[in-house]
Amino acid sequence: MGESARVGDPMLAVKAMVENTLRPVLGAAEIRFEVPPDPEMGDLAVPLHAAAKAAGASPQELAVKSSLSLEKDATLVESAKPVNGYVNVFLKTKAVADLLWEMTRTKQLTYGFSEKGTERFIVEHTSANPIHPLTVGHARNAIYGDTIARILRATGRQVETHFYIDDTGRQTAVAALGYKMVGDGEPRVKPDVWAGELYALTSALVEIDAAKRALSLKDEAKVEEAKAKIDEWVGVVAELAEKSPQLYELLSEKAKDIDLQREVASIIAGYERGEREVSRVVRQLVKLVLEGHRQTLSRSNINHDVFDYESDLLWEGDVDAVLSDVRSSKYAVGTGLSISFKCDNAAEDLGLKKLLNISPNYTIPDLVLTRSDGTTLYTTRDIAYSLRKLARASRVLNVVGVEQSLKQLQLKVVLYALGHPEALNQSHVAYEFVDVAGFQMSSRRGRLISFDSMLDQARDKAIPEVKKRNPSLSDEQVSRVAEAIGVAAIRFALAGIGANKRINFTWDRVLDFERNSGPYVLYTYARIRSILGKAQGHLVQDDKPDFELLTEKLEHRLIVLCSRLPETMRFAAETLRTEVVTEYVLRVCDIFNSYYAAVPVLKAETAELSSARLALVTIVEVCLGSVLGVLGITPLERM
RNA sequence: GGGCCCGUAGCCUAGCAUGGAUAGGGCGGCGGCCUUCGGAGCCGUAGGUCGAGGGUUCAAAUCCCUCCGGGCCCGCCA
């Protein structure tokens with residue numbers, strides 16, 4: 001039990017003891033533990049079907065033998081019953097509680113965490129384009145990525161979180177053009193919101209400008225097409241102008257004398273080359289937007305360790321280096337300046353399909369790395385970026401939308417084929433799309449539902465609730481508490497759904513503060529704090545609570561459940577599934593709330609019983625506090 | 001056409017990795033609980049062909065096959 005005690009895992013210690021007892025009965029057979037379907041059946045189950053087969057005995061026979069053997073262990077085992085080829089074990093409440101008490105006392109808010117190891121992870125997430133506010137989709141990415149990073153840290157990994165700033169694409173250039181036209185103005189509203197409007201307006205003006213030039217063409221069809229396009233974008237401009245009239249005035253005035261298409265192209269090219277004036281303007285805008293992103297993220301307890309500029313990869317030669325490697329690769333094919341990579345051939349030759357679990361019938365499409373004018377594409381730059389990440393971590397996780405799966409695969413194939421087997425240490429951690437019912441999001445049309453608006457709505461919903469319950473709080477305290485509740489609601493709602501499931505975003509779902517929600521967990525925690533606060537006055541500090549006194553079923557279940565936190569955390573880390581954590585914490589809260597309603601703690605029959613129950617409440621407090629930390633939710637004393 | 005993901009009560013969701021014991025929760029519905037520590041709570045109740053069909057197995061929500069429905073990807077966009 002030395003090892004399991006060291007890592008602070010009571011259930012691991014318990015299992016080790018059970019295994020010791022069973023070993024003589026079961027011989028060399030593998031001993032696996034399951035959780036019985038109903039807590040009434042036991043705390044642990046050991047299936048014996050396989051072992052029975054190997055030993056030529058019946059499962060039930062083995063189960064009976066195992067039970068008898070286990071029941072001799074009077075300190076740990078309350079009872080052991082052979083049922084349907086399983087041994088169902090009830091553990092002694094006291095035995096588990098003693099272990100838990102020791103471990104939670106020493107680990108405090110890091111109970112459930114593994115000791116820090118040497119494995120180095122990079123988790124890249126959020127990585128939004130620096131031209132508009134973060135949306136509900138980014139919210140999912142950021143919350144998923146951040147929670148994964150926290151889970152990995154909790155299980156002993158060193159984790160660095162990275163935000164990749166895609167600042168060299170066409171979109172940024174369009175926004176930068178607008179920025180230049182309005183004269184590097186300082187925004188009056190939140191900078192990313194302002195930039196989003198600027199981008200949408202400029203983009204529409206660029207579209208109209210381009211279409212107007214097509215009007216003089218001879219081709220009838222093209223002219224018609226251009227007319228339609230103008231109509232469409234004029235409509236968009238009208239809509240946007242209504243929202244931000246001053247910006248519209250300023251931009252449309254300037255736009256008259258400028259060939260917008262050309263301007264955009266020149267910004268793209270100039271920025272890629274790192275020309276001083278262009279770079280100054282673009283970087284200034286990007287930094288403004290990024291500041292807005294950071295505000296939003298920081299509101300929701302998300303803080304990246306490192307921000308990587310895509311443009312740096314161009315300026316510092318990383319991309320050129322990749323291209324030169326590509327050119328000398330036998331998988332590179334090209335016409336003129338355009339280069340493509342034969343991903344399928346490479347994968348076949350190098351046995352990558354088997355390695356990456358790709359169907360042998362599937363033909364991986366070629367990847368285009370440069371345009372015919374020699375400029376690079378997004379994935380090309382991403383190859384260079386991956387090398388940077390892989391150089392400083394043993395595992396790289398890219399939290400990227402599932403729609404990028406093919407690109408992420410091609411990226412890996414190219415890296416591997418260029419002689420970087422460490423590419424296999426990089427994984428695409430995909431998440432599904434967030435739909436907003438009846439709403440077509442479009443950053444080019446300035447139509448989006450922002451991460452901030454989610455946080456705002458959640459906070460605003462919480463404010464009257466907090467006031468109602470805490471009339472003595474100042475407005476500032478109220479808004480601080482309400483903000484935390486809102487963040488909890490949103491983080492919990494998004495982390496609680498498996499990443500491979502599409503989310504149909506609706507306000508009522510995100511703003512549900514009841515039973516299965518972040519606020520519900522916070523509420524449970526606040527109740528615990530409230531009890532513990534009251535206990536300080538009239539109960540002596542008891543260093544050695546007598547857990548023998550805890551005879552309630554709910555007490556037993558709470559203790560066993562809390563002892564499962566470390567293994568739950570490890571499971572979440574292995575599978576990269578945040579919902580494992582939310583599901584777990586909800587079960588803890590459910591049982592605690594039932595307990596709270598059914599059993600008095602402070603007013604227990606005797607002081608000794610009260611002390612033992614307070615110790616239990618403290619254990620649950622530590623357990624919840626620990627999980628809240630992993631979910632990025634700020635615990636509250638009152639709410 | 002090819003590849004990947006999803007399909008569990010009116011709605012949302014867990015369980016699928018390692019097949020096994022009555023498929024867990026929540027919202028909404030209905031009925032209760034304010035003389036015990038915070039009612040954002042507790043207790044009870046109704047509601048399920050686990051998309052359909054076949055197969056493997058003593059045993060399938062879980063593994064295999066086919067089909068149906070939804071989504072994404074297969075751009076010199078990102």
Side-chain angles (χ1 to χ4, degrees), chain A residues 30 32 34 36-38 41 45 47 49-50 59 83-86 88 129 166 168-172 335-340 358-359 361-382 401-407 409-410 430 432-433 435 462 465-466 468-470 485 489 493 496-504 506 508-509 512-524 526-535 571 574-575 579-580 582-583 586-587 589-590 593-604 610 613-614 617 638-639:
Chain A
E30 187 205 1
R32 234 178 58 232
E34 289 180 13
D38 184 336
M41 300 169 77
H49 311 82
V83 185
N84 293 332
Y86 291 88
N88 289 337
N129 285 350
D166 175 24
T168 61
R170 182 185 163 81
Q171 291 184 312
T172 312
T335 47
L337 291 175
S338 173
I339 305 171
S340 300
I358 295 165
S359 155
N361 318 321
Y362 178 62
T363 307
I364 305 172
D366 292 354
L367 177 68
V368 179
L369 289 162
T370 59
R371 301 188 181 91
S372 7
D373 65 0
T375 57
T376 59
L377 285 118
Y378 177 81
T379 311
T380 314
R381 289 169 244 140
D382 210 6
V402 68
E403 67 277 5
Q404 305 258 27
S405 295
L406 175 57
K407 288 290 178 239
L409 169 64
Q410 291 170 322
E432 266 289 357
F433 201 75
D435 288 304
E465 304 288 326
V466 176
K468 192 167 74 193
R469 282 162 244 247
N470 302 277
I485 293 170
I497 296 178
N500 56 359
K501 299 233 186 193
R502 260 178 111 84
I503 293 180
N504 292 308
T506 59
D508 59 327
R509 229 167 270 159
D512 176 16
F513 289 2
E514 287 176 51
R515 190 87 178 264
N516 263 359
S517 74
Y520 169 71
V521 178
L522 276 181
Y523 173 71
T524 309
R527 277 181 144 181
I528 289 174
R529 296 294 304 170
S530 175
I531 292 181
L532 295 177
K534 289 198 166 104
F571 180 63
E574 270 164 40
T575 55
E579 72 275 21
V580 168
T582 56
E583 287 288 332
L586 284 175
R587 285 208 308 282
C589 290
D590 289 345
N593 282 315
S594 298
Y595 180 61
Y596 181 94
V599 179
V601 174
L602 296 175
K603 295 173 188 165
S610 192
R613 287 184 178 160
L614 275 169
V617 173
R638 314 164 66 181
M639 61 183 282

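A note on names: the letters A, B, ... follow the listed sequences, proteins ahead of strands, and every chain is numbered from 1.
Applying the Watson-Crick and G-U wobble criteria (two distances, each under 3.5 Å), B:U45 pairs with B:G29. Figure legend. B:C58 is base-paired to B:G20; pairs are counted as Watson-Crick or G-U wobble with both atom distances under 3.5 Å. Under the Watson-Crick and G-U wobble criteria, each requiring two contacts below 3.5 Å, nucleotide B:C4 is paired to B:G71.
When heavy atoms are screened at a 4.0 angstrom cut-off, A:V521 is found touching no nucleic acid atom at all. When heavy atoms are screened at a 4.0 angstrom cut-off, A:A462 is found touching no nucleic acid atom at all. Contact annotation for A:G85: no contact, since no heavy-atom pair falls under 4.0 Å across all strands. At the heavy-atom level, A:I358 lies nowhere under 4.0 Å from the strands shown. Base contact: A:V599 has a heavy atom under 4.0 Å from a base atom.
With both ends at atom P, the span from B:G48 to B:A23 equals 13 Å, rounded to whole Å. Atom C1' of B:U13 sits at a distance of 23 Å from the matching atom of B:A52, rounded to the whole Å. For the C1' atoms, the distance linking B:A17 with B:A60 amounts to 16 Å, nearest Å. The separation of B:C63 from B:G15, taken at their P atoms, amounts to 12 Å, rounded to a whole angstrom.
The ring pair (Phe, Tyr, Trp, His ring centres under 6.0 Å) search around A:Y523 returns none, not counting sequence neighbours. Every residue meeting the salt bridge (Lys or Arg N to Asp or Glu O under 4.0 Å) condition with A:R32, not counting sequence neighbours, appears here in chain and number order: A:E34. Take A:E465 and apply the salt bridge (Lys or Arg N to Asp or Glu O under 4.0 Å) test, not counting sequence neighbours, and it matches A:K468, A:R469.
Comparing B:C37, B:C27, B:G39 against the side chain of A:V601 picks out B:C37 as the nearest. Checked against B:C37, B:A40, B:C12, the side chain of A:F513 finds its nearest nucleotide in B:A40.
Atom CG of A:L409 is separated from atom OG1 of A:T379 by 11.5 Å, given to the nearest 0.5 angstrom.
Judged purely by atom type and a 3.5 angstrom limit, A:R613 uses its side chain to pair as donor or acceptor with the backbone of A:P600. Distance alone, capped at 3.5 Å, places no donor-acceptor pair between the A:S610 side chain and the A:A604 backbone.
Between the side chains of A:D590 and A:Y520, at least one donor N or O sits under 3.5 Å from an acceptor N or O. Defined by atom type and a distance below 3.5 Å, a donor-acceptor pair is present between the side-chain atoms of A:R527 and A:N593.
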Name the pairs: protein N/O against N/O of nucleotides 17-25 of chain B, kept only if under 3.5 Å.
| from | atom 1 | to | atom 2 | distance (Å) |
| --- | --- | --- | --- | --- |
| B:G20 | O2' | A:Y86 | OH | 3.4 |
| B:A21 | N1 | A:N88 | OD1 | 3.2 |
| B:A21 | N1 | A:N88 | ND2 | 3.1 |
| B:U22 | O4 | A:D38 | OD2 | 3.4 |

So which protein nitrogen or oxygen atoms get under 3.5 Å of nucleotides 57-59 of chain B's nitrogens or oxygens?
none

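Contact between the side-chain N/O atoms of A:K501 and the OP1/OP2 oxygens of B:A14 is found at a separation under 4.0 Å. Contact between the side-chain N/O atoms of A:Y520 and the OP1/OP2 oxygens of B:C42 is found at a separation under 4.0 Å. In terms of phosphate contacts, A:T524 brings no side-chain nitrogen or oxygen within less than 4.0 Å of OP1 or OP2 of B:G41. For the pair A:R613 and B:C37, the criterion of a side-chain N or O lying under 4.0 Å from OP1 or OP2 is not met.
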| Residue pair A:L369, A:T376: steps toward the side chain to side chain contact (heavy atoms under 4.5 Å, CB included) verdict | CA-CA 6 Å; A:L369 289 162; A:T376 59; over 6 Å; no

| message | Output one letter per nucleotide in nucleotides 62-78 of chain B: B when a protein non-hydrogen atom lies under 4.0 Å from the base, S when only the sugar-phosphate is that close, - when neither is. | response | ---------SSSS-BSB

